Amino acid sequence: MQSLSGSLQKLRKQHHLSQEEVAERLGVSRQAVSKWESGLAVPEIELSRLYGVTLDTLLQIEPSPAKEQMEQTPPSAPEWPQQAPPSGYGPGTTRENFTSGQIKAIDDIVSHYSRAGDQVKKRQLKLSYLLCGMMAVLLVICWGVLRGQIDNLEGRLNSLQGELRDVRYDVSNQISSMNAQIQDSLKEQASLFASCQYRMLAVDPVQKTCRVAVDITPKVVTQGMQLSCTFTSEDFEAVTAQGKLQTPGSFRVEADLPLSDDIGVTAVLEADGQKQNQPMDNIIGVASGARLEIMADWGGGIRFLGVKPTVQLEGSIYGGISGGYAYGWQAPPPKKQAAVRVYRNKTLLKEWEIDLTQPDEEAAGTTWYGNGSTTGSSIEQAWDIGKGYYELHHRVDLTMEAAEGDEISIELEVTDQQGIRYIAQVAVIRIRENATTSTSSMGEVQVVYP
């Protein structure tokens, strides 16, 4: 019996067909036809139609004796199915019409193609997974690259915005400076005066008065020229003072004025029967500069001694006093005495009098530090060396009784040479059960005039 592959090759040659032509008619590749004829693969059943042979001939299966007898003696009354039989199979071909060998061959072919189809599906599924994975990796890579570029662009944008802000700031400052210079230049050109200077001759914080001197030099001085100044403020009615010619081309105007932090000045120049008015710069901060500035801070707290209600207050006051200054006038130093007081619920518990002439007094634990001076300087030395500023360090150590809810306050009082008292509340400590809450921020300084 000839093999299936040999039959395929023999039938192809009988029909004078090449492998390429068979492949083209069946819609397969030439390599597939070559594998069929080499016995490496099972061919398509459609070859029986192409070569015009029965499936038995194609599969090289011997017909059974019953079938040969049936073919030699046709039935008297054949019954054909209503639908036309498949081409090449013969009329009425069903599974019952095939022999067991034919059925086995057909099942082998079907099983082969079924397994091949499953393998193709598996390969397609694996390929799909592979493609999805590659796409995911590609997307991650692309997103990483894109995100890096976005971050880089954002960084460059922020840098450019910062540079732009700097440029705008510089340009704005330059424009403001140029505008100020232009305004000053225009003001100077339009001004009647070459110079104007203020000086405080005296300040009395108790009487709340001051004596001010204004030195003015006109650009042009003529024979018989007169000059006066009018001083105005929200704190007092207008005051006019006549100027006196001091040196050739310079006038001085002196006036006694109430204390104020903002005094307007208008100069009136009269020459050849004509008057010209010109506003001058305001006199600023005289009332504030006439007072001492008191600064104080507290470092310490309450310590429970274990036996209620006894507690211990311990810590230090760190203070500073600066003298007033206004247009050349320097406030004198305070008196030689100062005081530190401790109150419980606004009731005085303890007062330390500080002798500012004895900076190393151990009993008070007080030390004065002048700005630029050495530790232990007297108040006069610190004031002179420090140009109106010195510091105070006072140690507080006090055992007392206190209950929950009590309020402990600490204050520093300094009196100046005019008798003005400056009282600074340094700290407020509130007693809590097993704990304390304190504030070291100094409140507003109370100023008491004699």
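As the structure is a computational prediction, the values presented were derived from the model and not from experiment.
- The pair D204-K208 fails the salt-bridge criterion, with no side-chain N (NZ, NE, NH1 or NH2) lying under 4.0 Å from an Asp/Glu carboxylate O.
- Cation-pi contact between K350 and Y343: absent, since separation from the ring centre below 6.0 Å together with deviation from the ring axis within 45° is not met.
- We find that R165 and E163 are not joined by a salt bridge, their nearest charged nitrogen and carboxylate oxygen being 4.0 Å or further apart.
- Looking at heavy atoms from C-beta onward, Q278 lies in side-chain contact with S191 at the 4.5 angstrom threshold.
- Under a cut-off of 6.0 angstrom, the local environment of NZ in K244 is sparse, with at most 12 non-hydrogen atoms contributed by other residues, nucleotides or ligands.
- For the atom pair CG of L292 and CD of Q418, the computed distance is 8.0 Å after rounding to the nearest 0.5 Å.
- Counting heavy atoms of neighbouring residues, nucleotides and ligands inside a 6.0 Å radius, atom CZ of R147 exceeds 12 of them.
- Annotation: the span from E444 atom CD to Q446 atom CD amounts to 9.0 Å, rounded to 0.5 Å.
- In this structure, the side chain of R30 does not engage the main chain of E21 through any donor-acceptor pair within 3.5 Å.
- Within the 4.5 Å cutoff, the side chain of L259 has heavy atoms near those of the V203 side chain.
- Going from atom CD of Q242 over to atom CZ of R252 covers 15.5 Å, rounded to the nearest 0.5 Å.
- The neighbour count for E407 CD, taken as heavy atoms of other residues, nucleotides or ligands under 6.0 Å away, is above 12.
- Applying the ring-ring contact (aromatic ring centres under 6.0 Å, His included) criterion to Y318, with sequence neighbours excluded, gives H393.
- The side chain to side chain donor-acceptor pair (under 3.5 Å) search around E270 returns none, not counting sequence neighbours.
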